[in-house]
J.: 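Pasting in a structure now, in structure tokens, and then I'll have a few things to ask.
By convention in this document, chain letters (A, B, ...) are assigned in the order of the sequence lines, proteins followed by strands, and residues within each chain are numbered from 1.
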4 protein chains.
Amino acid sequence: MTDNKLRVAIVGSTGYGGVELIRLLQAHPYIEITSVISSSSSGVPISDGFPHLTNIVAKNLDGVNPAEIAQAADLVFTATPSGVSAKLVPELLAAGLKVIDLSGDFRLKDGTAYEQWYKHPAPSSELLEKAVYGLCEVFGDEVKGVDFISNPGCYPTATLLGLIPAINAGWIDPASLIIDAKSGVSGAGRGTSLMTHFAEINENFKAYKVNKHQHIPEIEQVLSQVSGEPVTVTFTTHLVPMTRGIMSTMYATLKGSYTEEDFIGLYREYYKDRSFVRIRDNGVWPATKEVSGSNYCDIGFAVDARTNRLTVISVIDNVVKGAAGQAIQNLNLMMGWEESLGLTFTPVYP
Amino acid sequence: MTDNKLRVAIVGSTGYGGVELIRLLQAHPYIEITSVISSSSSGVPISDGFPHLTNIVAKNLDGVNPAEIAQAADLVFTATPSGVSAKLVPELLAAGLKVIDLSGDFRLKDGTAYEQWYKHPAPSSELLEKAVYGLCEVFGDEVKGVDFISNPGCYPTATLLGLIPAINAGWIDPASLIIDAKSGVSGAGRGTSLMTHFAEINENFKAYKVNKHQHIPEIEQVLSQVSGEPVTVTFTTHLVPMTRGIMSTMYATLKGSYTEEDFIGLYREYYKDRSFVRIRDNGVWPATKEVSGSNYCDIGFAVDARTNRLTVISVIDNVVKGAAGQAIQNLNLMMGWEESLGLTFTPVYP
Amino acid sequence: MTDNKLRVAIVGSTGYGGVELIRLLQAHPYIEITSVISSSSSGVPISDGFPHLTNIVAKNLDGVNPAEIAQAADLVFTATPSGVSAKLVPELLAAGLKVIDLSGDFRLKDGTAYEQWYKHPAPSSELLEKAVYGLCEVFGDEVKGVDFISNPGCYPTATLLGLIPAINAGWIDPASLIIDAKSGVSGAGRGTSLMTHFAEINENFKAYKVNKHQHIPEIEQVLSQVSGEPVTVTFTTHLVPMTRGIMSTMYATLKGSYTEEDFIGLYREYYKDRSFVRIRDNGVWPATKEVSGSNYCDIGFAVDARTNRLTVISVIDNVVKGAAGQAIQNLNLMMGWEESLGLTFTPVYP
Amino acid sequence: MTDNKLRVAIVGSTGYGGVELIRLLQAHPYIEITSVISSSSSGVPISDGFPHLTNIVAKNLDGVNPAEIAQAADLVFTATPSGVSAKLVPELLAAGLKVIDLSGDFRLKDGTAYEQWYKHPAPSSELLEKAVYGLCEVFGDEVKGVDFISNPGCYPTATLLGLIPAINAGWIDPASLIIDAKSGVSGAGRGTSLMTHFAEINENFKAYKVNKHQHIPEIEQVLSQVSGEPVTVTFTTHLVPMTRGIMSTMYATLKGSYTEEDFIGLYREYYKDRSFVRIRDNGVWPATKEVSGSNYCDIGFAVDARTNRLTVISVIDNVVKGAAGQAIQNLNLMMGWEESLGLTFTPVYP
């Protein structure tokens with residue numbers, strides 16, 4: 001039955017990104033998952049740890065063996081922690097596999113910056129160069145036909161999609177950017193710690209890694225590229241007592257006299273061929289639940305004439321558009337398929 | 001484009017059942033929604049009140065006019081409050097439409113019992129007789145080819161699927177049944193009240209309508225039919241601080257010496273041709289999140305040799321299997337299609 | 001038994017501010033609540049609507065009658081909606097009562113600004129002038145001995161306590177202020193609406209009233225007074241799926257070269273005689289749960305040398321320090337008592 | 001300043017039971033906490049791990065050294081895991097300390113049953129005999145003047161207070177008892193595991209340890225003692241996506257013809273001198289939030305004439321009445337003080 005289907009393996013199948021890839025790929029017409037892989041739990045049925053997959057995915061978890069993966073699959077998603085991808089991806093590429101990496105290891109072109117923010121040794125500069133940064137709505141054309149894609153981070157996806165058209169148009173001052181970001185707890189992964197303990201985060205709202213989050217250089221790298229000048233941002237991350245969802249609330253000083261309607265028009269034009277970005281009407285702002293379970297990024301605006309500032313509000317489901325969904329969107333673009341293939345899920349509401 | 005598709009209208013599109021029908025039907029290959037109907041909000045785009053539908057459903061809400069509905073559609077889902085369906089459904093049937101009613105108005109065959117529990121005048125006994133009770137896994141054969149289906153309640157669905165095989169086999173005493181049920185808040189509907197106020201129900205767990213819930217006679221009617229004797233149950237409903245999900249924890253005295261494995265075998269056999277019921281292995285019980293967003297009903301067992309009692313744990317997503325999903329499953333059966341058509345959603349986890 | 005106690009009445013006892021006053025005043029040694037008042041529910045026991053008060057407060061709710069209140073009490077808290085206080089407070093003052101008003105009606109000295117932001121007719125300018133704005137840690141001295149206090153808003157309390165020492169010291173540029181504020185749902189009050197419906201806000205994060213919140217002019221009025229120049233702020237409010245808590249994340253451009261330690265020292269000095277403000281150590285930021293149920297305001301800092309900006313994070317329990325707790329603190333100061341009297345609750349954790 | 005105060009040490013200060021003891025004891029007039037003890041974190045300020053205690057408790061955590069504890073304190077609360085208390089308590093008693101143990105290690109009089117349910121070696125039978133089981137409202141008289149109290153479990157407290165008056169009166173059949181219990185996540189402790197991971201339990205409801213929970217023999221031991229015959233119960237535990245609160249929904253067959261009013265009268269009489277048990281009026285049932293943060297146990301009833309069964313609903317805050325609050329209540333009784341001393345907290349609502 002696999003004759004006409006792309007055979008796909010998923011490394012890191014027991015993390016939230018991996019298990020969401022499995023959920024979404026059930027609906028993809030051209031894909032067959034041939035191996036679900038976990039370094040920690042190989043040999044047992046994946047439905048033991050994820051009973052929601054009972055009767056849906058019957059496979060046992062496989063171990064991490066690049067040669068075996070290359071036998072079983074044409075393409076591999078690496079939903080592995082940063083540091084792990086850096087070591088594993090070169091072996092997978094060497095084994096002849098196409099790779100879409102969901103970690104942060106290949107997003108920064110500058111290895112020195114990587115080591116400063118990630119505290120791991122950087123991958124080779126050759127590989128950093130080779131990795132195509134797959135922010136689909138902006139760099140979708142560059143992804144077509146390549147073998148190796150670095151999938152954007154969750155915060156950068158919400159943030160960059162919300163800022164790039166305005167930066168690109170020169171309507172806001174890149175030096176003025178302040179990004180106040182909020183994420184559901186699934187963004188911290190499935191690992192257990194006090195930070196993800198229910199009793200600690202329920203009925204709680206907290207900031208973390210203020211000015212220190214490793215997604216800062218990723219955002220700055222892309223904004224610098226788009227604006228043509230070095231951009232430095234103020235960036236705060238917060239944890240929200242919910243499972244899924246990211247909101248970036250972003251502030252910038254206007255470089256001219258623009259209204260909300262101007263921005264709405266600008267963004268709708270910029271994203272006019274992109275089905276996963278939805279621009280809200282004037283006076284309405286998106287909430288995270290309105291994209292939950294889906295691959296949408298929804299964006300709204302407020303212009304404050306009193307302070308001459310723009311506020312942009314951008315929301316995604318961090319596990320979908322911020323991870324597994326965008327990875328599949330990248331796969332579609334890489335293969336030359338319609339980018340929305342298998343991804344046309346209506347958000348789950350309420 | 002509608003030549004080969006069944007044209008469907010949804011009355012009550014701005015309630016949670018209605019809007020979930022819209023979500024699920026996006027994925028159904030043989031259906032086209034031709035009218036979304038709301039008595040309270042007609043004339044405005046449905047995405048105004050439900051921004052998650054932006055760019056997905058472009059329609060304006062229509063008013064409730066049976067003649068117009070019959071022009072636009074072949075079949076209508078009535079996701080209307082009890083009391084409203086009782087009046088509207090006869091008109092829709094008279095206009096030549098097929099009807100699947102999601103309210104409680106046509107579930108009880110005994111109009112007197114209806115009036116006692118629902119406090120409304122009962123529909124005509126002729127219509128009560130005509131309505132086929134669409135608990136798909138049990139009465140699926142009776143639904144085929146009919147024009148009018150009464151979709152089961154959320155609590156009865158979780159409860160009956162968890163009890164019927166054991167009652168049918170005569171392994172448990174029907175006189176001993178105690179049902180402790182718990183529901184997420186979406187079960188209370190989208191109407192606003194103190195009972196659904198976030199600050200009142202968040203970080204709270206409460207019982208309501210103890211021994212008074214209108215789903216009691218529905219459960220008793222079916223269990224009496226299955227067991228061949230009048231069955232009376234003790235039934236408590238609780239509100240859980242979550243949006244979706246129902247769990248019925250059910251207790252019964254064993255009529256013989258049976259193990260968990262016996263019940264697992266019995267249920268797997270009973271549901272062997274039914275893809276939406278999943279029986280857990282011994283020592284594992286389902287949680288509501290494991291079916292969230294999907295049409296599954298998952299069931300687990302514990303036998304306590306010390307007390308000679310069986311505990312059955314049954315979970316569903318109340319908005320899907322407990323409402324919109326089962327309604328579409330009934331539509332599939334009614335039309336003679338595969339019952340899982342358009343419903344093969346993997347649960348959303350986490 | 002009331003000979004030595006101040007007799008207190010509470011108008012608006014069935015709102016969250018009113019019922020929290022009742023909770024907190026149970027622990028106050030010098031106060032007796034002599035009347036709990038509700039315009040909507042008079043005549044029934046308050047514990048009917050608030051069963052948590054069973055056996056604690058035996059009173060029936062009284063109606064709103066200034067002459068009767070003046071018979072029963074020496075001082076009245078008006079925890080009434082904006083617009084209602086504007087009409088009621090003059091009558092209560094005229095009846096000889098001391099008044100602490102928790103609404104927004106007497107916070108703005110400029111009646112025109114009030115009408116612009118609140119959309120109600122402003123109270124008389126004489127009364128606006130008479131009302132003392134009770135931000136205790138800043139204007140505590142002005143409250144002593146007065147008859148009429150306007151209690152600050154919840155967002156302004158968290159925001160102003162987090163900004164005033166830095167503004168006062170001239171270390172940050174008032175023209176650069178951006179305030180990203182987040183509140184639990186109790187801040188929206190006990191009234192029912194879709195905005196407070198559990199299924200709509202649970203597992204959701206949303207912005208509202210962007211640049212339009214009526215607390216903006218209150219913040220600007222005080223910051224202008226402190227800085228000696230007109231201050232205009234960018235201010236965004238968000239709703240968090242939790243019941244209690246406010247966080248203000250605030251951004252400002254530094255006017256010199258200051259470190260986190262500089263700000264920690266500055267704030268600890270500014271608040272050194274104030275027991276309810278706690279300044280976090282370097283590298284640690286407060287979370288809302290760390291003040292839940294208590295009258296504390298906790299504050300932390302981050303300086304970003306890369307962007308020359310300060311980030312201030314300030315948290316309160318909106319129902320306590322943002323409403324009922326600060327009102328009692330104002331009462332203590334007004335009466336010349338220790339400001340922490342009856343308010344030394346340890347935060348409830350977890 | 002400690003001359004007139006009882007000096008108290010808390011072992012296990014970094015667990016939820018320990019840190020709640022600290023919160024509650026801040027309000028106790030006769031107690032001074034002289035040592036907060038943690039085997040894992042000694043040497044650091046307790047407010048490092050619990051910032052909500054900043055400026056409230058300045059102490060560093062001490063290590064576990066019975067001789068040093070005996071120097072510093074007169075009485076010690078052991079809020080330690082089961083298995084740890086069994087070893088530590090004998091040493092503390094030998095060092096001359098009074099002990100109130102919050103673990104399950106000394107609740108069962110039968111060491112064999114302990115080993116079967118807890119899977120640890122039992123303490124000596126001498127110590128099991130010596131430990132007085134401190135269910136205050138039932139065995140309060142036995143606690144007076146003793147040196148060693150075993151504090152009841154959280155589920156047993158809610159369950160036993162809800163059943164004992166009816167069992168004692170002979171109005172219900174002990175052989176018919178079915179207990180469906182639900183707990184907030186704090187009941188699982190502060191240890192990290194998938195079971196307490198926010199993304200796994202939020203928007204989820206799950207059963208666990210069905211018929212296997214170690215609180216079963218504790219409940220049966222007391223009910224057997226009260227009824228004078230061996231009692232075996234069916235007992236299911238569930239995890240609710242909230243932090244605090246337990247509800248026990250309990251079912252029993254009536255042994256005569258009794259109404260709700262009969263039970264209300266019976267229970268109010270039984271608990272008439274006990275300020276922490278509140279019996280709801282007919283037709284109203286308590287919710288967990290109505291006791292949150294307080295030492296109350298609230299109880300309501302429903303009689304179903306159709307099935308001849310009683311439903312009892314009993315709620316507590318598991319961290320207060322189910323742990324730290326009842327431990328302090330036991331301390332008060334042990335010392336001959338008013339049992340409510342330092343415990344008259346109004347529930348935090350909402």
J.: Start with the C-alpha distance between Glu220(C) and Arg306(A), add both sets of side-chain angles, then the distance that settles side chain to side chain contact (heavy atoms under 4.5 Å, CB included), and finish with yes or no.
T.: CA-CA 12 Å; Glu220(C) 292 178 345; Arg306(A) 300 163 67 252; 2.5 Å; yes

J.: Salt bridge (Lys or Arg N to Asp or Glu O under 4.0 Å) for Lys182(A) and Asp180(C)? Distances and angles first, verdict last.
T.: CA-CA 11 Å; Lys182(A) 301 91 176 171; Asp180(C) 193 281; 3.0 Å; yes

J.: Would you call Trp285(C) and Lys209(A) a side-chain contact if the rule is heavy atoms closer than 4.5 Å?
T.: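 They are not in contact (no side-chain heavy atoms under 4.5 Å apart), so the answer is no.
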
J.: Taking side chain as C-beta onward, heavy atoms only, is Thr236(A) less than 4.5 Å from Tyr251(C)?
T.: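 Touching, per the 4.5 Å side-chain cut-off.
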
J.: One pair to check against side chain to side chain contact (heavy atoms under 4.5 Å, CB included): Phe205(C) and Lys289(A). What are the steps and the verdict?
T.: CA-CA 7 Å; Phe205(C) 187 86; Lys289(A) 202 182 192 72; over 6 Å; no

J.: Quick one: what part of Val303(A) sits under 4.5 Å from any heavy atom of chain C, side chain, backbone, both or neither?
T.: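 The backbone, not the side chain.
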
J.: What part of Val284(C) is in contact with chain A, defined as an atom under 4.5 angstrom from a non-hydrogen atom: side chain, backbone, both or neither?
T.: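 Looking at Val284(C), nothing touches chain A.
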
J.: Between Asn211(C) and chain A, with a heavy-atom cut-off of 4.5 Å, which part of the residue counts as in contact: side chain, backbone, both or neither?
T.: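 When you check distances to chain A, only side chain atoms of Asn211(C) fall under 4.5 Å.
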
J.: Please name the pair of heavy atoms, one in Pro350(A) and one in Ala199(C), separated by the smallest distance, quoted to 0.1 Å.
T.: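 So the two residues come closest at CB-O, 3.4 Å.
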
J.: Counting only heavy atoms closer than 4.5 Å, note whether His238(A) contacts chain C via side chain, backbone, both or neither.
T.: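 Just the side chain, heavy atoms under 4.5 Å.
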
J.: Of all of Glu200(A), Lys206(A), Glu290(A), which one pairs up most often with chain C through heavy atoms under 4.5 Å apart?
T.: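 When all of Glu200(A), Lys206(A), Glu290(A) are compared, Glu200(A) has the most.
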
J.: Of all of Thr311(C), Val315(C), Asp304(C), which one pairs up most often with chain A through heavy atoms under 4.5 Å apart?
T.: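 Of the options given, most contacts go to Asp304(C).
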
J.: In terms of heavy-atom proximity below 4.5 Å to chain C, should Ile216(A) be classed as side chain, backbone, both, or neither?
T.: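 Interface part for Ile216(A): side chain.
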
J.: So, Thr234(C) versus Arg309(A): side-chain donor-acceptor pair below 3.5 Å or not?
T.: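 A donor-acceptor contact under 3.5 Å links the two side chains.
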
J.: Can you tell me which of Ile246(A), Ile313(A), Thr232(A), Ile201(A) forms the most heavy-atom pairs within a distance under 4.5 Å of chain C?
T.: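 Result: the option with the highest number of such pairs is Thr232(A).
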
J.: Quick check on Leu177(A) against chain C: is it the side chain, the backbone, both or neither that has a heavy atom closer than 4.5 Å?
T.: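 Backbone of Leu177(A) only, per the 4.5 Å heavy-atom cut-off to chain C.
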
J.: Compare every heavy atom of Ala207(A) with every heavy atom of Met247(C), then report the nearest pair and how far apart it is.
T.: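 Taking every non-hydrogen atom into account, CE-N, 3.8 Å.
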
J.: So which of Thr243(C), Val240(C), Val233(C) has the largest heavy-atom pair count under 4.5 angstrom toward chain A?
T.: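 The option with the most such pairs is Thr243(C).
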
